[in-house]
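Remember, it's 1-based here, ligands and their atoms both numbered in the order they're listed. These figures come from a predicted structure and were not determined experimentally.
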Amino acid sequence: MMAAIRSGSLGQEVILIDKNPILGKKLLLSGKGRCNLTNAGDLDSFLKGFSRNGQFLRDAFRKFFNQELMDFFQSRGLALKVERQLRVFPVTDSSSSIVGVLDKELAQQKVRSIFKSEVKDILVKDGRVKGLYLANAEFIPCAKIILATGGATYSFTGSTGEGLKMAQSSGHTIIPLRPGLVPLEIKEKYPEILEGLTLKNIRIKFCAGKNEIISEVGELLFTGFGISGPLVLALSAKIVDWLKENKDVYVEIDLKPGLSRGQLDERFLREFKTSPKKGIKKILKNLLPLKLIDLFIKTAGIDPYKKANQLTQDERRKFVLLLKSWRLAISRARPLEEGMVTQGGVTLKDINPRTMESRRVKGLYFCGEMIDVDADTGGFNLQAAFSTGYLAGESAALS
Ligand SMILES: Cc1cc2nc3c(=O)[nH]c(=O)nc-3n(C[C@H](O)[C@H](O)[C@H](O)COP(=O)(O)OP(=O)(O)OC[C@H]3O[C@@H](n4cnc5c(N)ncnc54)[C@H](O)[C@@H]3O)c2cc1C
């Protein structure tokens, strides 16, 4: 949409083709329906948000960055707000208002939209774009094509990876697709009991052999099959890669990141002294969510009816260990379909970062999630899609 708008604003005749009956199906889902359209951080924080390939986006960000994107919407009457971690949302808290502005602007720039039409293939002759074929066999001749078909997750939104196949058959290398920002499955059977439990203000550490990564303090969610939530999603791309090489990947949950083991032990001792006859379950109530109490008592192998003054030093230490480094084994990541973004895509080596034009086919441009860049949550992925779309639209119009 942004690519079409930019090309249209430069006086080009533009056709936008989408196989869906409506615009921006994935955009409508984004940010839990509120659309975290960008992040108000500086360029450095953006480049950090893109783990591996962020540098590729420097030119696109220089051309059209977060301030320009925010101005784009605000100058068209949509007020925005900045929330925690500098995440930017429309004040309406509704992604449909973002799509609404884009829709109006497409009309303003006289872009012709064709819906419910699937692009089947692109025609390339002598290293140049000549046109494209729709599923109904109609041929549309054109000198420039901007492929913006997205990744290959949440396929019901239309992102099914067909554009990547077209890129591949026209000579581009596709870096293998893996899920990014994806929930993880665990080997333990806890999920059945813990499903829906959110742990707040905790820290997690993923380990595999000599590798380890430690999260910020934040939230983890138990799902029916394992773990999800912001902390897990943010580190999941790395874990997906580790799981390919190493079967022994685990996570350690620190439920009390503000206290050292020693401090926690002292706290137990103090409590045991002041209430020696208190049952162990009651003592744990002050430290743990209810759903975890029975589980921890069982895991530590302790008689649930013991009183504080009956607990041995060893048993107390077992609790401290569970609270500070509760270990769960990761079995696998959820499938590609469930990733919030796709890792992999058209290799950056085949794209000119100054124009987004293919280095292999003249007149063919790429933008958005189909390129081999992906980022953390926080509005980075959509900013990348808008920035590369804007640059592709401008380059295609001006070249
Ligand atoms: C649940 C969820 C929440 C998210 N929330 C956020 C968020 O809050 N902030 C953020 O920054 N990112 C978020 N993302 C990621 C973000 O939505 C994507 O990175 C972004 O939508 C990618 O934009 P795109 O235009 O490249 O691709 P898409 O948005 O996937 O659009 C691709 C379009 O191409 C069309 N298409 C595909 N193939 C064909 C074909 N052969 N012919 C015709 N049309 C075709 C599709 O129908 C689709 O409309 C979220 C993702 C998910 C799944």
Scan side-chain atoms only and decide if His172 and Ser358 contain a donor-acceptor pair under the 3.5 Å cut-off.
yes
For Asn381, take its heavy atoms, then give the atoms of ligand 1 lying under 4.0 Å from any of them.
11 (O), 12 (N), 19 (O)
Show your working on salt bridge (Lys or Arg N to Asp or Glu O under 4.0 Å) between Arg317 and Asp314 and close with a plain yes or no.
CA-CA 5 Å; Arg317 293 220 168 111; Asp314 186 47; over 6 Å; no
Around atom 37 (C) of ligand 1, find the nearest protein heavy atom and jot down its residue, atom name and distance.
Gly158 O, 3.3 Å
Region of Ser117 that comes within reach of ligand 1 [heavy atoms, distance under 4.0 Å]
backbone
For atom 53 (C) of ligand 1, find the nearest protein heavy atom and state the residue, atom name and distance (0.1 Å precision).
Tyr154 CD1, 3.4 Å
Within 45° of the axis and under 6.0 Å from the centre of the six-membered ring of Phe89, does NZ or CZ of Arg34 qualify?
yes
Would you check if the side chain of Gln263 reaches a backbone N or O of Ser260 as a donor-acceptor pair within less than 3.5 Å?
yes
Taking Glu315 first and then Lys306, would you say they form a salt bridge - that is, a charged N and a carboxylate O separated by under 4.0 Å?
yes
Do ligand 1 and Thr160 have nitrogen or oxygen atoms that lie under 3.5 Å from each other?
no
Looking only at protein heavy atoms, what sits closest to atom 30 (O) of ligand 1 is Ser159 OG, 2.8 Å
So, regarding Asn20 and ligand 1 (criterion: nitrogen or oxygen to nitrogen or oxygen, under 3.5 Å), is there a contact or not?
yes
Is there a nitrogen or oxygen of Asp18 sitting under 3.5 Å from a nitrogen or oxygen of ligand 1?
yes
Determine whether Lys120 and Glu118 satisfy the following criterion, salt bridge (Lys or Arg N to Asp or Glu O under 4.0 Å), listing intermediate values before the conclusion.
CA-CA 6 Å; Lys120 268 288 175 210; Glu118 191 177 325; 3.4 Å; yes
Measuring from non-hydrogen atoms of Gly163 to any atom of ligand 1, is the shortest distance under 4.0 Å?
no
List the closest protein heavy-atom neighbour of atom 40 (C) of ligand 1: residue, atom name, distance to the nearest 0.1 Å.
Glu162 OE1, 3.4 Å
Which protein non-hydrogen atom lies closest to atom 5 (N) of ligand 1, naming both residue and atom, and how far is it?
Gly31 N, 3.0 Å
Using a strict cut-off of less than 4.0 Å between a Lys/Arg side-chain nitrogen and an Asp/Glu carboxylate oxygen, indicate whether Lys362 and Asp126 qualify as a salt bridge.
no
Residues Arg359, Glu357: salt bridge by 4.0 Å N-O rule
no
Specify the protein heavy atom at minimum distance from atom 23 (O) of ligand 1: its residue, its atom name, and the distance to 0.1 Å.
Ala385 CB, 3.9 Å
With a 4.0 Å cut-off on heavy atoms, does Arg87 reach ligand 1?
no
Sub-3.5 Å N/O-N/O distance, Met370 and ligand 1:
no
Centroid-centroid under 6.0 Å between Phe46 and Phe61 rings
yes
Could you tell me the separation between the CG atom of Leu164 and the OG1 atom of Thr149, rounded to the nearest 0.5 Å?
5.5 Å
Among Thr149, Leu132, Ile22, which one has a heavy atom closest to atom 38 (N) of ligand 1?
Thr149
Taking 4.0 angstrom as the limit and counting only heavy atoms of Gly150, give me the atoms of ligand 1 inside it, by number and element.
26 (O), 27 (O), 30 (O), 32 (C)
Tell me which one of Glu369, Lys26, Met1 gets a heavy atom nearest to atom 29 (O) of ligand 1.
Lys26
Under a 3.5 Å threshold, yes or no: a donor from one side chain and an acceptor from the other, between Ser236 and Arg334?
no
For Ser399 and Lys144, does a side-chain donor sit closer than 3.5 Å to a side-chain acceptor?
yes
Taking atom 42 (N) of ligand 1 as the point of reference, which of Leu29, Val119, Asn36 owns the nearest heavy atom?
Val119
Output yes when Glu252 and Lys324 qualify as a salt bridge under the 4.0 Å nitrogen-oxygen rule, no when they do not.
no
With nothing but distance in play, are any N or O atoms of Lys19 less than 3.5 Å from an N or O of ligand 1?
yes
Is it the case that the ring center of Phe386 lies less than 6.0 angstrom away from the ring center of Tyr390?
no
Can you report which non-hydrogen protein atom sits closest to atom 31 (O) of ligand 1, along with the distance?
Ala148 O, 4.2 Å
What atoms in ligand 1 come closer than 4.0 Å to a heavy atom of Gly368?
26 (O)
Within ligand 1, which atoms have a heavy atom of Met166 less than 4.0 Å away?
41 (N)
Can any side-chain N or O of Gln310 pair as donor or acceptor with the backbone N or O of Lys307 at less than 3.5 Å?
yes
Specify side chain, backbone, both or neither for Ser30, according to which of its non-hydrogen atoms lie closer than 4.0 Å to ligand 1.
both
For Leu382, is at least one N or O under 3.5 Å away from an N or O on ligand 1?
yes
Nearest protein heavy atom with distance in Å, relative to atom 15 (C) of ligand 1:
Met340 O, 3.8 Å
